[in-house]
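Quick caveat, the model's predicted, so the values are computed rather than measured.
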Amino acid sequence: MLLLATVVAAMLVAPAAADAKVVWLCKPGQRANPCEPRLTTTTYTPAGKRLGVDHVRRAARRRADCFYVYPTVSDQQQPQATQVVDDVLRSIALYQTARYSRDCRVFAPVYRQITIQGLFNPGTITNEMLEQGYTDVVEAWRAYLKRFNHGRGVVLIGHSQGAIVLRRLIREEIDPKASERRRLVSAVLLGGNVRVRAGADCVIAYSTFNAPVPENALFGRTTEPGQQILCTNPAALGGGSAKLTPIYPSAPFAPSVIGEAANGALAGLPRPSTPWAAFPGAFSGRCSKADGASVLQVKPLGSAVALAPVPDVTWGLHLSDANIALGQLANLVRRQIRAHD
């Protein structure tokens, strides 16, 4: 909890640095682009019985772009990652953002993030490291606007550390500029403790739990006066409980610390021959404020596989934030793009 607060605080106060070279994980036209796989999907009942195959196709004219910043995923043996595209980055892009490519062109920069090793060894993290990671994203954002945007709408997508980076990008780069504010279609900021004024609602944000939220949980609570952690149920924007559609790639996550946890969490789910598996109505979800924690509480329906908190209950279902309601998130982004066009 202390580490997360430290990382957030440093990212929110450090000034932007100078120019940095942009390295792209995903960009239209890029060879072996992990954000543009085939989208053919096998659907299952919550219990895992095969229903059929959905031949999902990309829109003939994608009217907007998605700008994605990935979460803490690097298992490089140092506190700060290099700007190298490896199999772990390709996997996280596939799992978390490739599905949105149905309706938007995906741009995803590689940034010098705090690694998993750094996350669990906060004394090794410096303000310079935090600033370098943020600067990589800022430079990519500016390069995207200059070279690729051409007035198109943009959806921001981020999870965990990526959501924290995008929160600052919105405040420092987008909010002060009317031309950039007009281009912003939506922001999907998951697992990043997005704070808003009490009663306010501005982006799609939540952290997922399937049990009461422990007092020492990393997500769901804030001590900031007059602020609350935002929870948006993508299946029920007006509130209440609704069925969720988890969608996962059939390909296993690349061997890594996160990959071992992700593959273990999905061990009970079928792996079809199609690139994707979907489980309509496998979970119900509702935003809850029980015990002072604002989170998306989910529960399995119809003999669906119960997901386990990883690495422990203080994290909730953090590793599943992006996929457990991906069916609703992708459809919601599609509607927002159409409304913005």
Side-chain angles (χ1 to χ4, degrees), residues 1-13 71-72 114 119-120 122 156-168 170-171 186-244 246 261 265 283-301 304 306-326 328-329 332:
M1 188 68 169
L2 178 60
L3 170 61
L4 186 65
T6 302
V7 171
V8 171
M11 284 186 168
L12 290 179
V13 301
T72 307
I114 300 304
L119 181 69
F120 289 102
L156 301 179
I157 300 173
H159 181 236
S160 196
Q161 187 174 164
I164 294 170
V165 171
L166 286 176
R167 282 168 48 190
R168 181 179 170 190
I170 292 170
R171 194 187 76 241
S186 177
V188 181
L189 307 180
L190 308 179
N193 278 343
V194 175
R195 295 194 305 270
V196 297
R197 292 187 303 275
D201 190 350
C202 56
V203 300
I204 303 165
Y206 60 77
S207 290
T208 313
F209 282 77
N210 63 348
V213 183
E215 285 295 326
N216 61 338
L218 276 68
F219 309 102
R221 297 186 179 94
T222 179
T223 58
E224 291 291 325
Q227 298 278 302
Q228 67 179 24
I229 300 299
L230 180 62
C231 178
T232 311
N233 185 347
L237 298 180
S241 179
K243 292 181 179 180
L244 306 176
F283 288 82
S284 68
R286 65 178 179 84
C287 285
S288 168
K289 295 183 179 179
D291 301 320
S294 179
V295 301
L296 185 67
Q297 283 284 358
V298 303
K299 64 179 181 179
L301 300 174
L307 301 176
V310 177
D312 57 47
V313 295
T314 65
W315 290 74
L317 301 182
H318 190 64
L319 294 187
S320 297
D321 283 340
N323 293 93
I324 199 165
L326 186 53
Q328 283 71 34
L329 288 169
L332 178 56

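- For Thr222, the side-chain contact (heavy atoms from CB on, under 4.5 Å) partners are Arg195, Glu224, Gln227, Ile229, not counting sequence neighbours.
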Problem - Criterion side chain to side chain contact (heavy atoms under 4.5 Å, CB included) on Thr208 and Val298, from CA distance to verdict - result: CA-CA 7 Å; Thr208 313; Val298 303; 3.6 Å; yes

Problem - Check against side chain to side chain contact (heavy atoms under 4.5 Å, CB included), Glu215 and Arg221 - result: CA-CA 9 Å; Glu215 285 295 326; Arg221 297 186 179 94; 4.0 Å; yes

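- Legend: residues meeting side-chain contact (heavy atoms from CB on, under 4.5 Å) with Ala163, ordered by chain and number and at least two apart, are Leu189.
- Going from atom CG of Leu156 over to atom OG of Ser186 covers 8.0 Å, rounded to the nearest 0.5 Å.
- For the side chain to side chain donor-acceptor pair (under 3.5 Å) test, residues two or more places apart in sequence or in another chain that qualify with Thr72 are Gln161.
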Cut-off 3.5 Å, no hydrogens considered: what does the side-chain donor-acceptor table look like for residues 311-318, sequence neighbours left out?
| from | atom 1 | to | atom 2 | distance (Å) |
| --- | --- | --- | --- | --- |
| Asp312 | OD1 | Thr314 | N | 2.9 |
| Asp312 | OD1 | Thr314 | OG1 | 2.4 |
| His318 | ND1 | Asp321 | OD2 | 3.3 |
| His318 | NE2 | Ser160 | OG | 3.0 |

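- Inter-residue side-chain proximity for Leu190 and Leu329 is flagged as met; some heavy-atom pair is nearer than 4.5 Å.
- Checked by atom type and distance alone, the side chain of Thr232 pairs as donor or acceptor with a backbone atom of Val203 at under 3.5 Å.
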Practice task
Please lay out, stage by stage, how Ser320 and Leu307 fare under the test side chain to side chain contact (heavy atoms under 4.5 Å, CB included).
Solution key: CA-CA 8 Å; Ser320 297; Leu307 301 176; 3.5 Å; yes

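- With rounding to the nearest 0.5 Å, the separation of CG in Leu237 from CD1 in Ile204 is 7.0 Å.
- Annotation: side chain of Phe283 is not in contact with side chain of Asn210 (no heavy-atom distance under 4.5 Å).
- Judged purely by atom type and a 3.5 angstrom limit, Gln297 uses its side chain to pair as donor or acceptor with the backbone of Ala211.
- Between Arg167 atom CZ and Asn193 atom CG the span is 7.0 Å, to the nearest 0.5 Å.
- Residues that satisfy the side-chain contact (heavy atoms from CB on, under 4.5 Å) test with Ala236, not counting sequence neighbours, are Asn233, Ala242.
- Applying the side-chain contact (heavy atoms from CB on, under 4.5 Å) criterion to Leu319, with sequence neighbours excluded, gives Ile258, Ala261, Val310.
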